[in-house]
Amino acid sequence: MTPNPIRVADNNLWPFRLADGGVLLIDAGWEPEGNLYAWGGIEAQAEALGFAAARDVRVVVVTHEHIDHAGLAARWAREGARIVGARAAMGALAAGLEGLRAQRHERAAELARQGAPAEVVAGLLGTRTTQQRWEPCPLDAIGAAEESGPWALADGRTLRLVLAPGHTPGNLVAAVEGPDGLDLCSGDTLLPTTIPTPGLHFPHALEGDATRWPSLPPFLRSVAALRALPLTRVLPGHGEVVDNPARLFAQFEAHHARRGRRVRAALAAAQTATAFEVTRAVFPRLPTVRIGQAMTETIGHLDVLAEVGAARAEAIDDSPRVMWRWCGTA
Ligand SMILES: [Zn+2]
């Protein structure tokens, strides 16, 4: 049987009935851009699926610390649900919108350091409205995924959480295993119609520490580990159920192999360059509005090269800029 999600805008919330009563929900959902009726929509959909959102949902697992997956965590907690997230996500869940603002600020500053022109940085800072809501979730309502589960489900299957850092530092997925196969609630780790972004992450931004967490190297390792599982279906955080998981893995890997080769070739040709210059070399005609996103992926692939010793990020005297130096063999 194809499982039915609760939908909030284009986010999927996946409900599972627990063997000892109640419901476990994968992802909290959110209130998209000032939509205060999202909770009512969740209640109505839950009712259609045969349970009461506020009364029956005992556990809400947050796949990662992004507003569209975690925005309603505090609301669920107030209704009596236990919130579960990876330890690395807990700070962001407890900070809510303030944490998102700090990330956004650091991201813009990082793109400037990595050579983005002022109009690219200004465009990034100006794209969001102040309408977003993300209520901080009390820390004592959150349990660490590392110490939670597995859960026995009413249909005899077992749900367990698997840390999968990459899309964010506190990213996880849920594996649901039964006699008929293994389903993966993938959050944004694998998506049916797009390649998920590695992002630019500053896990300690709120404490005033702007150290960036290199995300693509762990992201590639997490996806490689998931590929080794005998998956039957993927239940993604956005979009439809995928019955052929091998296709998602193949697309993900082909995309990053191709992008990685181009970034490598561009830096090897330049010898030293900013991440912006590498991005421009790889995508000479990319419109300005898409440069920030493309730079994020370029930086990810430069991080991959740095990890194997083929590239090095260097500070320049008297400049906040970061230069990347090629130190590999052609
Ligand atoms: Zn998402």
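Salt-bridge check for R157 with E177: failed, with every basic side-chain N at 4.0 Å or more from each acidic carboxylate O. Contact check on E147 versus R87 returns a salt bridge, with a Lys/Arg side-chain nitrogen under 4.0 Å from an Asp/Glu carboxylate oxygen. A salt bridge links R227 to E253: one of the charged nitrogens lies within less than 4.0 Å of a carboxylate oxygen. Salt bridge R113/E110: present, at least one basic N to carboxylate O contact under 4.0 Å. Salt bridge present: R7 and E240 bring a charged side-chain N and a carboxylate O closer than 4.0 Å.
In the model, D188 has a side-chain atom that pairs as donor or acceptor with a side-chain atom of H69 under 3.5 Å. Judged by distance alone, the side chains of D180 and T232 never bring a donor and an acceptor atom under 3.5 Å apart. Between the side chains of T168 and E65, at least one donor N or O lies within less than 3.5 Å of an accepting N or O.
With hydrogens and angles disregarded, a donor-acceptor distance shorter than 3.5 Å links the side chain of W326 to the backbone of G328. With D27 contributing its side chain and G29 its backbone, the two residues share no donor-acceptor pair below 3.5 Å. Under the 3.5 Å distance criterion, the side-chain polar atoms of Q103 are matched with a main-chain donor or acceptor of F202. With hydrogens and angles disregarded, a donor-acceptor distance shorter than 3.5 Å links the side chain of R280 to the backbone of F283. Within the 3.5 Å criterion, the main-chain N or O of G292 finds a donor-acceptor partner in the side chain of T296. In this structure a side-chain-to-backbone donor-acceptor pair under 3.5 Å is present from R58 to G21. Side-chain atoms of N4 never come within 3.5 Å of backbone atoms of L49 as a donor-acceptor pair (strictly under, hydrogens ignored).
Legend: side chain to side chain donor-acceptor pair (under 3.5 Å) pairs involving residues 44-53, not counting sequence neighbours: none detected. Within the structure, every pair that satisfies the side chain to side chain donor-acceptor pair (under 3.5 Å) test and touches residues 285-294, not counting sequence neighbours, is listed here: T197-Q293. Identified under the ring pair (Phe, Tyr, Trp, His ring centres under 6.0 Å) test for residues 148-192, with sequence neighbours left out: H64-H167, H66-H167.
Note that OG1 of T274 is 11.0 Å distant from CH2 of W324, once rounded to the nearest 0.5 Å. L216 CG to L200 CG: the interatomic distance, rounded to the nearest 0.5 Å, is 11.0 Å.
Here the side chains of V61 and L24 are in contact, with some heavy-atom distance below 4.5 Å. Side-chain contact check for I299 versus R212: some heavy-atom pair is nearer than 4.5 Å. With contacts defined as side-chain heavy-atom distances shorter than 4.5 Å, the pair F16/P3 does not qualify. Taking the side chain as every heavy atom from C-beta outward, L302 and L267 approach each other to under 4.5 Å. Between D303 and E307, every side-chain heavy-atom pair lies at or beyond the 4.5 Å cut-off. The shortest side-chain heavy-atom distance between V322 and E314 does not fall under the 4.5 Å cut-off. Side-chain contact between L226 and F252: absent, with no pair of heavy atoms (C-beta onward) separated by less than 4.5 Å. Two residues are said to be in side-chain contact when any heavy atoms from C-beta on lie closer than 4.5 Å; P165 and R221 fail this criterion.
H301 pairs by the ring-ring contact (aromatic ring centres under 6.0 Å, His included) definition with H256, not counting sequence neighbours. Not a single ring-ring contact (aromatic ring centres under 6.0 Å, His included) links F276 to another residue, sequence neighbours left out. For W76, the ring-ring contact (aromatic ring centres under 6.0 Å, His included) criterion is met by W39, not counting sequence neighbours.
Residue I42 comes nearest to A28 through the heavy atom pair CD1-O, 4.3 Å, listed as atom of the first residue, atom of the second, then distance. Taking all atoms of both residues into account, the shortest heavy-atom contact from G187 to T63 is CA-OG1, 3.8 Å. Scanning all heavy atoms of the two residues, the minimum distance from P192 to Q251 falls at O-OE1, 4.3 Å.
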### Message
Set out, in order, the CA-CA distance, both residues' side-chain angles and the distance that settles side chain to side chain contact (heavy atoms under 4.5 Å, CB included) for L97 and E135, then state yes or no.
### Response
CA-CA 7 Å; L97 196 61; E135 194 187 335; over 6 Å; no

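Partner V176 forms a side chain to side chain contact (heavy atoms under 4.5 Å, CB included) with one of L153, I26, L235 and no other, that one being L153.
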